[in-house]
Amino acid sequence: MNEDAMIRKRCIALYSGGLDSILAIKVMQEQGIEVVPIFFCTPFFGSDALKAPESFQRVHARKYGIHVRVIDYTDDMIQIVSRPRHGFGRHLNPCIDCKIGMLRRAKQLLGSLNASFVVTGEVLGQRPMSQMRQTMRAIEKESGLEDILLRPLCARNIEETLPERLGIVKRDALWDLQGRGRKIQIERALSYGLGEEDIPTPAGGCLLTDEQIARKLRKTFDRCAPSLPDRVDVMLDVVGRKFVFEDSTVLVVARDEAESNLVSTMGCPGNVFLKTSDVPGPLCIMRGRCTSENLKLAAGICLRYGKARGSTGHVAAYGEDSCNLDLTVESPVFSVEYCRTFQD
Ligand code: SF4
């Protein structure tokens, strides 16, 4: 690292929206360091930002005064999940590789963002998989950020970094947190002027740690092998009831209005939307082979989960545009037992 570059007093912060990353940014700003927060999002975490980045940015600017850049990390994550060097956590969460991947992306951005080091909100010993001393060192090395990865919340418990040695960051003003408690963080958040109601609840929103979703995703990876699933395939694993037909065509049925709204954003070539046409029902999406046989099957399942259940002879509307389902298909309403034979 060219030491002149350190004079810029500008860093990139990995921002998760959690309390620790908010505080890490505040600690840096307090020292007069300019911080560029970046937020990585995928369908598994940060899906709000993926769907509506501008509204996400507005909310975080208003609540925390943090002006975040949103980066779509979905394709990276599909690669990582397919073959994590450091393995998985409890379910399909490859936490160490996930962190390394984000830090590598941050490192690549240092030049274009005119920044000299990277900051995270990690706390030594807080997470069993990625925040133990040895692992934190390994992550630094593998991401190529050795000596320029600063963890302000626990910095005084770990080795000094280049920005500290150069006096760009005052080590004395950094923190020495350790372990899983949140009491100190909450006190300090309040002292920074965060409202109690704005303090984020502990993280845990990564869907790769969810048993059901991990199971569906594993099957998707198997079904697509030897290729990797694409982003549309994995998006269908994080919403609704999922059914897979014999030829691997997938049908997802939204379970409520919020899911119907989410499903409506998943239009792309190869996806077909279905909905009961004469009674209220959920929005469904089919991806795969749009044969008349599959459409009938999809319609029968779609009708089952709409208000048509228990009756026969209803019609489902379908089309590629969720707002304009201009074609129809007739099917009997299937029994729930029959539907379940396709459930993934
Ligand atoms: S919990 Fe999810 S987002 Fe967090 S490090 Fe692990 S894989 Fe990445």
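The structure displayed is predicted, hence computed values, not measured ones. The analysis underlying the following values was restricted to heavy atoms, covering all of them including side chains, and did not include hydrogens, waters or symmetry mates. Start at 1 and go down the list; that is how both ligands and their atoms are numbered.
- For Lys219, the NZ atom counts as densely surrounded, since its 6.0 Å shell holds more than 12 non-hydrogen atoms of other residues, nucleotides or ligands.
- Phe342 has its ring centre no less than 6.0 Å from the ring centre of Phe243.
- Tyr318 and Phe273 have their aromatic ring centers separated by at least 6.0 angstrom.
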Side chains of residues 192-200: which donor-acceptor partners sit under 3.5 Å, not counting sequence neighbours?
unit_1, atom_1, unit_2, atom_2, d
Tyr192, OH, Glu30, OE1, 3.1
Tyr192, OH, Glu30, OE2, 3.3

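- Shown here is Glu320, whose CD atom has no more than 12 heavy atoms of other residues, nucleotides or ligands within 6.0 Å.
- Protein N/O/S atoms closer than 2.8 Å to atom 8 (Fe) of ligand 1: Cys98 SG.
- There is a protein heavy atom less than 4.0 angstrom from atom 5 (S) of ligand 1.
- Heavy atoms from other residues, nucleotides or ligands lying under 6.0 Å from NZ of Lys141 number 12 at most.
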